[in-house]
S.K.: 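One structure, as structure tokens, below. Some questions next.
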Amino acid sequence: MIIDGHVHIGKFMCGKLTMSNDFESALEMADRNGIDKIFCTSTTSLAYDFETGDRQILEGMRKYPDKVLAYATIPSPRHGKKIIEHLKRCFLEYGFHGLKIYSHTQGIGSYESYISIADEYMDPVLEFAAEHNIPVLAHSSPEQCDVVCGRFPELQLMMAHMGSTQIAHGMWHTAIAVAKRRPRLILDTTSSGMDLGMVEEAVRVIGDERIIWGSDVPLLSVAYNIVKVTSAEIPQESKAKILGLNIARLVSGVKR
């Protein structure tokens, strides 16, 4: 089984580039690349309205129940009780599978974030996720993930892009080092970079059960990201875990 753990649905703007993706296009892309399921985030939720965006994800999940896994998305924790009530609906009523927290940067290409997962306003969200064993995909830095793992040791935290982002200075070595001392921190291989030995080093240091794969479609290429795993010098059993079995195990443990 192959599960793309990092898919965006909706319009996506990056600098002067404007891209878009819908469920049909994403599933067609998945079929062409032998992918069984896609784990989806709404771009509307990321940057505009999390309630509207997550309703769009719910519609896709209901339309394609065997193909679509759903992320609820938190663009900012500073909505008080409204955020927790929304999460209760998403997970306890609608059956969502994971939570995406997006740390916006100060601007395109910036190396600083203005919303951190370590922000104290985020604590009720992370407490809810930990209580219900919800996997959390955080667009964050190794340092922020380290702080959160220290405060919430039971949280299933997935570091998006494995440190290969502007706010993490592209330091996947640091991401691996943090994951080594934080036993529930999971690394997501999705990124626009392909440093030789990245996947191999992660498997060597933390094993093959805390690494997941994704494409970041439509921003990045499915084929480009999947070959990072398929061409890695690791056992086939490890590749199978990274490409789908690990994230399937995570979502199966959500407490409803």
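A quick note: this is a predicted structure, and the numbers were derived from the prediction, not measured.
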S.K.: Say whether, by atom type as modelled, one donor and one acceptor occur between the side chain of S25 and the main chain of N21 under 3.5 angstrom.
M.R.: no
S.K.: Does the salt bridge (Lys or Arg N to Asp or Glu O under 4.0 Å) test come out yes or no for R55 and E51, once each step is laid out?
M.R.: CA-CA 6 Å; R55 280 198 298 270; E51 291 177 309; 5.5 Å; no
S.K.: Rounded to the nearest 0.5 Å, what separates atom CD1 in I176 from atom CE in M159?
M.R.: 9.5 Å
S.K.: Does any N or O in the side chain of K67 come within less than 3.5 Å of the main-chain N or O of I38, such that one atom is a donor and the other an acceptor?
M.R.: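 Between the backbone of I38 and the side chain of K67 there is no qualifying donor-acceptor contact (under 3.5 Å).
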S.K.: Of the non-hydrogen atoms in A248 and I3, which two are nearest, and what is the gap between them?
M.R.: CB-CD1, 3.8 Å
S.K.: Atom CG of D4 and atom CG of L27: how far apart are they, to the nearest 0.5 Å?
M.R.: 10.5 Å
S.K.: With distance as the sole test, does K241 use its side chain to make a donor-acceptor pair with the main-chain N or O of N246 at under 3.5 Å?
M.R.: no
S.K.: Would the F91 and H132 ring centres measure less than 6.0 Å apart?
M.R.: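 Not close enough - the centres of the two rings lie 6.0 Å or further apart.
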S.K.: Can you tell me how far CZ of R78 sits from CE of M122, rounded to the nearest 0.5 angstrom?
M.R.: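 So the gap between those two atoms works out to 8.5 Å.
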S.K.: Go through the steps to decide whether R62 and E59 satisfy the test salt bridge (Lys or Arg N to Asp or Glu O under 4.0 Å), and finish with yes or no.
M.R.: CA-CA 5 Å; R62 288 176 169 172; E59 291 171 4; over 6 Å; no
S.K.: Would a distance-only check, ignoring hydrogens and angles, find a side-chain to backbone donor-acceptor pair under 3.5 Å from E200 to E233?
M.R.: yes
S.K.: Please report the C-alpha distance between D119 and S116 in whole Å, then the side-chain angles of each, then the deciding distance to 0.1 Å, and finally whether the side-chain hydrogen bond (donor to acceptor under 3.5 Å, both in side chains) criterion is met.
M.R.: CA-CA 5 Å; D119 188 315; S116 165; over 6 Å; no
S.K.: Is the backbone of Y94 close enough, under 3.5 Å, to the side chain of R89 for a donor and an acceptor to pair up by distance?
M.R.: no
S.K.: Tell me, with the steps shown, if S191 and K228 meet side-chain hydrogen bond (donor to acceptor under 3.5 Å, both in side chains).
M.R.: CA-CA 10 Å; S191 73; K228 285 191 286 189; 3.0 Å; yes
S.K.: Just verifying a value: how many Å separate H161 NE2 and T189 OG1, rounded to the nearest 0.5 Å?
M.R.: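 So the gap between those two atoms works out to 10.5 Å.
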S.K.: Look up atom CG in L157 and atom CZ in R182, then write down how far apart they are to the nearest 0.5 Å.
M.R.: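 Atom-to-atom, L157:CG and R182:CZ are 11.0 Å apart.
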S.K.: In a check of side chain to side chain contact (heavy atoms under 4.5 Å, CB included) between L87 and each of I74, L92, D54, which one passes?
M.R.: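 Only one of I74, L92, D54 forms a side chain to side chain contact (heavy atoms under 4.5 Å, CB included) with L87, namely I74.
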S.K.: Any idea how H8 and H6 line up, ring-wise: parallel (<30°), tilted (30 to 60°), or perpendicular (>60°)?
M.R.: perpendicular
S.K.: For D188 and M158, indicate whether the former's side chain and the latter's backbone hold a donor-acceptor pair under 3.5 Å.
M.R.: no
S.K.: Tell me, do V254 and P135 make a side-chain contact under 4.5 Å, heavy atoms counted?
M.R.: yes
S.K.: Can you spot which of I206, L185, L187 makes a side chain to side chain contact (heavy atoms under 4.5 Å, CB included) with V178?
M.R.: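 Output: one option passes, namely L185.
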S.K.: Distance from M61 atom CE to F39 atom CZ, nearest 0.5 Å?
M.R.: 10.5 Å
S.K.: Look at the side chain of N133 and the backbone N and O of K255, then say whether any donor-acceptor pair between them is shorter than 3.5 Å.
M.R.: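 No, N133 side chain to K255 backbone: no donor-acceptor pair under 3.5 Å.
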S.K.: Kindly determine whether E85 and K82 satisfy salt bridge (Lys or Arg N to Asp or Glu O under 4.0 Å), including the steps that lead there.
M.R.: CA-CA 5 Å; E85 293 305 313; K82 184 178 181 180; over 6 Å; no
S.K.: Give the ring-plane orientation class for H86 versus F50, where under 30° counts as parallel, over 60° as perpendicular and anything between as tilted.
M.R.: perpendicular
S.K.: Within the distance-only criterion (no hydrogens, no angle test), does the side chain of N225 pair as donor or acceptor with the backbone N or O of T190 below 3.5 angstrom?
M.R.: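 Checked: no pair found.
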S.K.: Would the distance check show the side chain of R249 and the main-chain N or O of E209 forming a donor-acceptor pair, the cut-off being under 3.5 Å?
M.R.: yes
